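Comments concern the structure below.
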Amino acid sequence: MGGCAGSRRRLSDSEGEETVPEPRLPLLDHQGAHWKNAVGFWLLGLCNNFSYVVMLSAAHDILSHERTSGNQSHVDPGPAPIPHNSSSRFDYILPTLVIKLLAPLGLHLLPYSPRVLVSGICAAGSFVLVAFSHSVGTSLCGVVLASISSGLGEVTFLSLTAFYPRAVISWWSSGTGGAGLLGALSYLGLTQAGLSPQQTLLSMLGIPALLLARWGFAPGGEEEVESSARQPLIRTEAPESKPGSSSSLSLRERWTVFKGLLWYIVPLVVVYFAEYFINQGLFELLFFRNTSLSHAQQYRWYQMLYQAGVFASRSSLRCCHIRFTWALALLQCLNLAFLLADVWFGFLPSIYFIFLIILYEGLLGGAAYVNTFHNIALETSDEHREFAMAATCISDTLGISLSGLLALPLHDFLCQLS
């Protein structure tokens with residue numbers, strides 16, 4: 001694999017030409033650029049997903065004020081803070097699905113700057129809408145805006161990694177994993193400190209502002225954002241690699257590249273299908289009475305452990321690189337089968353076994369995500385990399401959508417049986 005990477009990438013060499021003995025002096029600059037890129041992409045990953053996680057958690061609280069205290073809508077704080085039914089779950093995933101389906105076909109025609117601006121505005125709009133919501137419909141509009149922001153941001157920033165060293169994929173993935181954990185903890189901490197859900201939500205408007213500031217829209221930012229798409233994120237000297245833009249690819253080339261990507265896309269779809277089948281269909285049914293934790297508390301612990309596992313594994317690329325991601329898909333399916341059997345037969349004696357399995361579930365999901373995109377960066381040619389990153393983004397959303405179609409009816413069926 002080392003030979004393959006060496007033949008395909010030129011991370012620090014200039015274009016294969018012999019340069020003047022400049023390497024000595026730029027060494028410090030190169031190291032500084034590495035850390036600036038790392039911090040920049042970590043923050044982009046954090047901001048892109050953080051707003052979504054926090055906004056969704058807050059929407060659940062706000063909606064609960066509008067319902068009677070007898071309402072028992074168990075809601076997944078990660079995916080969607082809306083009533084537990086198939087159609088409403090699809091509302092939040094549909095905008096992301098549409099964006100990611102269209103991204104490989106025409107999104108590249110829109111420059112990076114307007115995409116980031118739209119993503120930031122949608123994130124801020126989702127906060128405001130849900131904060132001042134007095135109806136389910138308004139909150140759903142907030143969820144849709146958050147979905148657009150998150151989906152568009154993911155496609156944009158993963159495509160952008162094609163213009164940087166491979167290492168930034170690890171930092172982006174770690175940032176997105178950290179968003180799930182830090183987003184849930186910060187919202188919980190602020191509300192526990194005495195702020196109302198609305199006040200907490202409005203205080204989070206700084207996150208979209210940070211996203212736009214990091215990109216360069218804030219006063220004093222980079223003068224030409226589009227050119228910065230090929231330079232370190234926080235100002236430094238020259239670009240490190242110059243892959244071709246995906247806009248130059250013909251439709252035939254895109255189709256050929258996409259067929260090659262199926263080796264990576266299919267395992268990631270399967271991982272997310274099994275993962276969200278567990279999260280959407282089984283979490284609420286894995287209830288233990290022989291513990292001091294209430295049903296709601298058990299559910300929150302499941303979510304927190306899942307997010308912790310995702311964060312840990314999305315940050316693990318420097319320690320552990322997995323080439324064959326189909327193995328992760330198989331393990332996640334076994335995870336699903338095991339938990340489904342426990343829901344049906346109830347053979348696990350303690351909730352702590354479930355805690356370990358859910359942490360493991362998060363580890364598998366996060367590892368599949370970061371390793372899939374890292375492998376694509378290693379094994380695609382320069383001119384195809386931007387398109388390949390955008391096209392593979394559909395995997396997680398497709399897996400979540402398919403799992404929702406099956407997991408929610410199964411959930412209702414199992415509830416009726418019990």
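Just so it is clear, the model here is predicted, and its values are computed rather than measured. Nothing fancy with the numbering, it's 1 onward along the sequence.
Between the side chain of Ser149 and the backbone N or O of Leu145 there is no donor-acceptor pair closer than 3.5 Å. Thr191 contributes no side-chain N or O that, together with a main-chain N or O of Pro197, makes up a donor-acceptor pair within less than 3.5 Å. Of the possible donor and acceptor atoms, none in the side chain of Asn49 sits under 3.5 Å from a partner among the backbone N and O of Ala179. Judged by distance alone, the side chain of Ser401 and the main-chain N or O of Thr397 form a donor-acceptor pair under 3.5 Å. For the pair Gln332 (side chain) and Glu361 (backbone), a donor-acceptor distance under 3.5 Å is present. At distances below 3.5 Å, at least one donor-acceptor pair connects side-chain atoms of Gln198 with backbone N or O atoms of Ala131. A distance-only check finds no donor-acceptor pair linking the side chain of Tyr306 to the backbone of Asn279 [under 3.5 Å]. Between the Ser294 side chain and the Gln297 main chain, a donor and an acceptor come within less than 3.5 Å of each other.
Between Ser403 and Ile400, the shortest heavy-atom distance links the atoms OG-O, 2.8 Å. Of all heavy-atom pairs spanning Leu201 and Val130, the tightest one is CD2-C, 3.8 Å. Here the closest non-hydrogen pair linking Ala407 and Gln280 is CB-CB, 4.4 Å. Shown here for Gly180 and Gln307, the closest heavy-atom pair between the two residues is CA-OE1, 3.5 Å. Closest approach of Gly153 to Asn48, counting heavy atoms only: CA-OD1, 3.1 Å. Across every non-hydrogen atom of Ala391 and Pro104, the tightest pair is CA-CG, 3.6 Å.
Between Tyr352 and Phe355, the ring planes lie perpendicular to each other; the angle is over 60°, past the 30° to 60° tilted range. Taking the six-membered ring where the residue is Trp, Trp326 and Phe324 present tilted rings, their angle falling between 30° and 60°. Using bins of under 30°, 30° to 60° and over 60° for the plane-to-plane angle, the ring pair Tyr299/Phe283 lands in the perpendicular bin.
Taken to the nearest 0.5 Å, the CG atom of Leu105 stands 7.0 Å off from the CG atom of Leu251. Atom NE2 of His295 and atom CG of Leu285 lie 7.5 Å apart (nearest 0.5 Å). Between the CG atom of Leu340 and the CG atom of Leu282 there is a distance of 5.5 Å, given to the nearest 0.5 Å. The distance from the CD1 atom of Ile278 to the CG atom of Leu339 is 5.0 Å, given to the nearest 0.5 Å. Expressed to the nearest 0.5 Å, how far OG1 of Thr200 lies from CG of Leu195 amounts to 4.5 Å. Between atom OG1 of residue Thr161 and atom CE of residue Met389 there is a gap of 4.0 Å, rounded to the nearest 0.5 Å.
Between Leu286 and Gln298 the shortest side-chain heavy-atom distance does not fall below 4.5 Å. Using a 4.5 Å cut-off on side-chain heavy atoms (C-beta onward), Leu160 and Trp215 make contact.
Within the structure, side chain to side chain donor-acceptor pair (under 3.5 Å) pairs that include any residue of residues 172-183 comprise Trp42-Ser174, Trp172-Tyr369, Ser174-Ser315, Thr176-Arg314 (at least two apart or interchain).
Of the residues listed (Ser119, Cys122, Ser126), the one engaging Ile148 in a side-chain contact (heavy atoms from CB on, under 4.5 Å) is Cys122, and it is the only one. Results of the ring pair (Phe, Tyr, Trp, His ring centres under 6.0 Å) test with Phe41 over Tyr164, Trp171, Phe157 single out Tyr164 as the only residue that passes.
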Report task. For Ile169 and Ile376, run side-chain contact (heavy atoms from CB on, under 4.5 Å): C-alpha distance rounded to whole Å, both residues' side-chain angles, the deciding distance at 0.1 Å, then the answer. Result -> CA-CA 10 Å; Ile169 294 171; Ile376 289 171; over 6 Å; no
Query raised in the report: So Leu410 and Phe277, side-chain contact (heavy atoms from CB on, under 4.5 Å) or not? Walk me through it.
Result: CA-CA 9 Å; Leu410 176 68; Phe277 198 104; 3.3 Å; yes
Query - Intermediate values then yes/no, side chain to side chain donor-acceptor pair (under 3.5 Å), Ser133 and Thr138 - result: CA-CA 6 Å; Ser133 167; Thr138 307; 4.7 Å; no
Query raised in the report: How far apart are the C-alpha atoms of Arg115 and Leu107, what are their side-chain angles, what is the distance that settles it, and do they pass the side-chain contact (heavy atoms from CB on, under 4.5 Å) test?
Result: CA-CA 9 Å; Arg115 286 195 244 168; Leu107 196 60; 3.9 Å; yes
Query raised in the report: side-chain contact (heavy atoms from CB on, under 4.5 Å) between Val116 and Leu152: does it pass, once the steps are laid out?
Result: CA-CA 8 Å; Val116 177; Leu152 182 60; over 6 Å; no
Requested in this report: Determine, step by step, whether Thr392 and Ser395 satisfy the side chain to side chain donor-acceptor pair (under 3.5 Å) criterion, reporting the C-alpha distance in whole Å, the side-chain angles of both residues, the deciding distance to 0.1 Å, and the verdict.
Outcome: CA-CA 6 Å; Thr392 310; Ser395 309; 5.6 Å; no
Side-chain donor-acceptor pairs under 3.5 Å in residues 259-269, sequence neighbours left out?
{"unit_1": "Tyr264", "atom_1": "OH", "unit_2": "Glu379", "atom_2": "OE1", "d": "2.6"}

